[in-house]
2 protein chains.
Amino acid sequence: MTDETADLRTRNSQATREAIGHAALRLAIEQGPNGLALVRVHDIAAAAGVSPRTYNNYFSSRGEAICAFQADQSKRAGKALRARPAGESLTEAITAAVIELYTDPEPDRAGLSMIMLTPELEGEALKAFTMAEGPLADAIAERTDGDGDLFPAVTAAAVAGAVRVAGRRWLEPGTSEPFAAILRRALSHVLPD
Amino acid sequence: MTDETADLRTRNSQATREAIGHAALRLAIEQGPNGLALVRVHDIAAAAGVSPRTYNNYFSSRGEAICAFQADQSKRAGKALRARPAGESLTEAITAAVIELYTDPEPDRAGLSMIMLTPELEGEALKAFTMAEGPLADAIAERTDGDGDLFPAVTAAAVAGAVRVAGRRWLEPGTSEPFAAILRRALSHVLPD
DNA sequence: CGCACCATGTGCGCGTCACGCAATTTCTAT
DNA sequence: ATAGAAATTGCGTGACGCGCACATGGTGCG
């Protein structure tokens with residue numbers, strides 16, 4: 001892995017960040033999409049084993065904490081694309097990278113529902129998915145070597161949008177199709193043949 | 001116009017909504033992208049000539065008020081596409097509709113900068129642009145008569161993303177190219193030839 | 001033409017939150 | 001082992017979101 005653990009200190013703090021995020025999402029799921037107001041900062045902090053003030057050092061809103069996992073996942077989009085072999089076409093590489101990134105384990109239905117289907121979280125959820133765009137655009141630009149200057153960013157945005165739509169689709173009741181399949185179909189509409 | 005003025009009462013309340021939104025955006029611009037915290041609810045309400053409590057009846061956060069104009073504009077995307085003649089191809093129709101919608105007057109640079117370049121507004125800004133997706137997807141579905149079930153939503157998301165990217169591009173310092181031209185180029189990357 | 005009705009505007013008050021500040025604990029590096 | 005930085009924490013403050021109740025004004029009925 002290219003992850004050289006960076007700093008041991010940094011690692012530790014990322015661990016607590018994850019702990020807080022995980023606790024926040026878990027509590028939110030327990031209360032359901034309509035009881036988000038009942039998830040108090042105090043409870044999140046307690047569940048994560050930190051002080052409320054510390055929670056606030058890592059996140060500046062409950063929504064941010066709840067969506068942290070999704071956001072962190074999206075941030076890895078660039079790395080995922082770069083990990084694809086150079087032999088693949090851009091479309092193949094993006095498709096494979098995105099599918100691998102978002103289905104490493106099949107996502108948690110409850111968690112994704114909470115994030116994508118709760119109105120109060122809409123803004124944070126969009127931020128979380130949109131976070132993939134920057135890194136992804138950079139990685140695309142590297143692969144295409146200055147195609148059009150707008151192409152990488154636009155494609156990245158389209159891909160992020162396709163992922164979101166695929167997620168919504170996968171969450172619809174009575175969907176047995178695996179997420180990867182839906183994702184592949186969604187991406188086929190925005191990527192060059 | 002299909003706008004039948006609906007109700008006179010409704011009209012009035014939409015007027016105050018606009019007034020509040022306009023006031024919020026104006027005050028935000030005055031303070032610049034770094035002084036958003038200084039834009040108090042009290043000031044917005046005062047500038048709009050309503051009570052702070054009334055402001056809160058229309059918007060549940062400052063960001064929502066500031067981005068209201070952009071959000072309302074995006075909501076008209078479906079209508080804009082439906083207004084295109086049936087003879088046009090889907091790509092032509094979408095391109096024309098989007099350009100017309102977002103450049104009816106050339107957008108206000110200060111306002112768009114505030115919305116798109118202020119970190120605290122990122123979530124709300126994304127919501128504002130994403131609001132075009134639903135209506136747009138419906139309108140696309142009507143034009144294509146059940147192409148693929150994912151196609152309309154994915155395309156709408158890609159278009160909304162392209163608009164966002166085009167906006168960012170247009171805001172970059174030293175850009176003299178008209179927004180419509182950038183928009184057209186951006187859309188060409190996500191729409192079928 | 002008047003009356004009852006509903007939507008909107010407003011004042012008040014409560015609970016929560018985000019965050020600056022400063023003391024304290026914890027951990028790393030030499 | 002020790003100096004020093006980073007992280008955790010407590011406290012205090014200002015603002016906010018919103019429920020509640022009341023006033024007001026436009027609307028549609030009889």
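Each chain gets a letter, A, B and so on, in the order its sequence line appears, and its residues count up from 1. This one's a predicted model, so the numbers in the text were calculated from it and none came from an experiment.
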Touch class at under 4.0 angstrom, heavy-atom based, for B:T54 against every strand present: base

Presence of B:Y58 side-chain N/O under 4.0 Å of C:dT8 phosphate oxygens OP1/OP2: no

A:L121 CG to A:S61 OG distance, which is reported to the nearest 0.5 Å: 9.0 Å

Bend angle of the helix from C:dC1-D:dG30 to C:dT30-D:dA1, from helix axes over five pairs at each end, nearest 10°: 40°

Nucleotide N/O to protein N/O under 3.5 Å, stretch nucleotides 20-23 of chain D:
{"residue": "D:dC20", "atom": "N4", "partner": "B:R53", "partner atom": "NH2", "Å": "3.4"}

Phosphate contact (C:dC17 OP1 or OP2) by A:R40 side-chain N/O below 4.0 Å: no

Phosphate OP1/OP2 of D:dT8: any A:S51 side-chain N/O under 4.0 Å: no

Cluster check A:I66, A:V50: I/L/V/M/F/W/Y, side chain < 4.5 angstrom: no

Heavy-atom closest contact (B:E88 atom, B:A93 atom, distance): OE1-CA, 3.4 Å

Separation of A:R82 CZ from A:R76 CZ (nearest 0.5 Å): 15.0 Å

Any A:Y55 side-chain nitrogen or oxygen under 4.0 Å from OP1 or OP2 of D:dT9: no

Residue-phosphate contact under 4.0 Å: A:S61 side-chain N/O, C:dC17 OP1/OP2: no

Donor-acceptor pair, side chain of B:E124 and main chain of A:G123, under 3.5 angstrom: no

Closest to side chain of A:V50, choosing from D:dT9, C:dC19, D:dC18: D:dT9

Donor-acceptor pair, side chain of A:Q70 and main chain of A:F129, under 3.5 angstrom: no

